[in-house]
There are 2 protein chains.
Amino acid sequence: MNIGQAASASGVSAKMIRYYESIGLIPKTVRTESGYRVYSHHDVHTLRFIRRARDLGFSVEQIADLVSLWRDRERASKDVKAIALDHVHVLERKIRELQEMALTLKHLADHCHGDSRPHCPILEELASEDPLPVHVKTDAKFGALGKA
Amino acid sequence: MNIGQAASASGVSAKMIRYYESIGLIPKTVRTESGYRVYSHHDVHTLRFIRRARDLGFSVEQIADLVSLWRDRERASKDVKAIALDHVHVLERKIRELQEMALTLKHLADHCHGDSRPHCPILEELASEDPLPVHVKTDAKFGALGKA
DNA sequence: TCTTGACCCTCCCATGATTGGAAGGTTTAC
DNA sequence: GTAAACCTTCCAATCATGGGAGGGTCAAGA
């Protein structure tokens, strides 16, 4: 199977498959004489595993750990669970941060007439010297939240 | 005021101040003879405005719009409100995505004994050929959610 | 057999916001 | 006068992903 077929069978783009190979998340494949990468159904299975883990928001680093646990028949399930729960906590923290932002903003927007006049509590609040009301005390690292 | 003082007064790092200048979010400042940037209290006020908007998760592009509306005494408040509400919707979508991920993961973790034995429903689910249960149907773009 | 289009290859670049560092000049306080 | 604490510019890295250029390969049809 060529990379394109492996890509559509796994849901991981050809670009990403090459990238995963380059960073060592997946091993280097066999190549044809002319240099084309060749994939087996087993490889596709692994790629699908990776894609599912990505869909759950795991980082590539965590996925590497999960894949190696997956391959390890002697693994302890607590090791897997620890990674999963750790990630749950990260997700929950992000969720809380976003909720605080959304709540604060909604509150501000509620108080803005939203008409053609210039008066606007949203801008006033942003321009204020006082601490932002309730909710907001952001971990600024979170920044603009990935790309839209 | 030097850039370091402006940074600590505004909460925006010197690095970021230079960056904001380089991308045109803030205008180029006056310089001393020796090339040091000089900031006024007014500049610091603007930087603080920017920082607050960042804390609420606005992108630099949106902040540019907000700053120009802020400066515009003839602005219509509906323009500001539109940006804010648009952002609220983006936030809410992200929140929903993360909640789906967290819920799915928690569900899987709940069914994992987390002991020293290898059996693990989390890995089984990731390795499964079937669609992920409930919750998950991710906008993969969201990926690893910024940096930990 | 030749051509064409659909593949594949490897590089490099860009994203967004931010931090880090190197190499070098300036200011300040002792 | 010197050392520390600033400042300057430029370059690189982060993380996962996509885009594209420039070039080779393969399969199907004329």
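Numbers restart at 1 for each chain; the letters A, B, ... are given by sequence-line order, proteins then strands. All values below were derived from every heavy atom in this structure, side-chain atoms included, with hydrogens, water molecules and symmetry-related copies excluded.
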Specify the separation, in whole Å, of atom [atom1] of [X] and atom [atom2] of [N].
X       : N      : atom1 : atom2 : value
B:Leu56 : C:dA17 : CG    : P     : 15 Å
B:Ile50 : C:dA17 : CD1   : P     : 12 Å
A:Phe58 : D:dT17 : CZ    : P     : 15 Å

Any [X] side-chain N or O less than 4.0 Å from OP1/OP2 of [N]:
X       : N      : result
A:Arg37 : C:dC9  : yes
B:Thr32 : D:dC7  : no
B:Ser34 : C:dT27 : yes

Would you list the pairs meeting salt bridge (charged side-chain N to carboxylate O under 4.0 Å, His left out) in which at least one residue belongs to residues 9-33 of chain B, sequence neighbours left out?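 For residues 9-33 of chain B: B:Glu21-B:Arg31, B:Glu21-B:Arg37.
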Salt bridge (charged side-chain N to carboxylate O under 4.0 Å, His left out) pairs, two or more places apart, involving residues 76-92 of chain B: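 Salt bridge (charged side-chain N to carboxylate O under 4.0 Å, His left out) check on residues 76-92 of chain B returns A:Lys106-B:Glu92.
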Please determine whether residues A:Tyr19 and A:Tyr36 belong to a single hydrophobic cluster, defined as Ile, Leu, Val, Met, Phe, Trp and Tyr linked transitively by side-chain heavy-atom distances below 4.5 Å.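 No, A:Tyr19 and A:Tyr36 fall in different hydrophobic clusters.
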Using a cut-off of under 3.5 Å, enumerate the N/O to N/O pairs linking the protein to nucleotides 2-6 of chain D.
| from | atom 1 | to | atom 2 | distance (Å) |
| --- | --- | --- | --- | --- |
| D:dC6 | O2 | B:Tyr36 | OH | 3.3 |

With sequence neighbours excluded, residues passing side-chain hydrogen bond (donor to acceptor under 3.5 Å, both in side chains) with [X]:
X       : result
B:Arg75 : none
B:Ser22 : none
B:Thr29 : none
A:Ser8  : none

Within residues 14-22 of chain A, residues whose heavy atoms come under 4.0 Å of DNA chain D: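 Those residues are A:Lys15, A:Met16, A:Tyr19, A:Tyr20.
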For DNA chain D, what residues of residues 23-31 of chain A have any heavy atom nearer than 4.0 Å?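 Here the set is empty: none.
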Hey, are B:Arg93 and B:Glu97 close enough for a salt bridge, meaning a charged N less than 4.0 Å from a carboxylate O?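 Between B:Glu97 and B:Arg93 there is a salt bridge, with a charged N closer than 4.0 Å to a carboxylate O.
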Between protein and nucleotides 1-5 of chain C, what N or O pairs are separated by less than 3.5 Å?
none

Quick one: does B:His87's side chain have a donor or acceptor within less than 3.5 Å of a partner on B:Leu56's backbone?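 It does hold such a pair.
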Side-chain donor/acceptor of A:Asn2 to backbone N/O of A:Gly4, under 3.5 Å: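 Flag not set: sc A:Asn2 to bb A:Gly4 has no pair under 3.5 Å.
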Could you tabulate the donor-acceptor pairs under 3.5 Å formed by side-chain atoms of residues 111-123 of chain A, not counting sequence neighbours?
| from | atom 1 | to | atom 2 | distance (Å) |
| --- | --- | --- | --- | --- |
| A:Asp115 | OD1 | A:Arg117 | N | 2.9 |
| A:Asp115 | OD1 | B:Ser77 | OG | 3.2 |
| A:Asp115 | OD2 | A:Arg117 | NE | 2.8 |
| A:Asp115 | OD2 | A:Arg117 | NH2 | 2.5 |
| A:His119 | ND1 | A:Glu124 | OE2 | 3.1 |

Going by the rule ring-ring contact (aromatic ring centres under 6.0 Å, His included), which residues pair with A:Phe49 if we only count those two or more places apart in sequence or in a different chain?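 Scan of A:Phe49 (ring-ring contact (aromatic ring centres under 6.0 Å, His included), adjacent residues dropped) gives A:Trp70.
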Exceeds 12 heavy-atom contacts within 6.0 angstrom, atom NE2 of B:His41: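 Result for NE2/B:His41: open.
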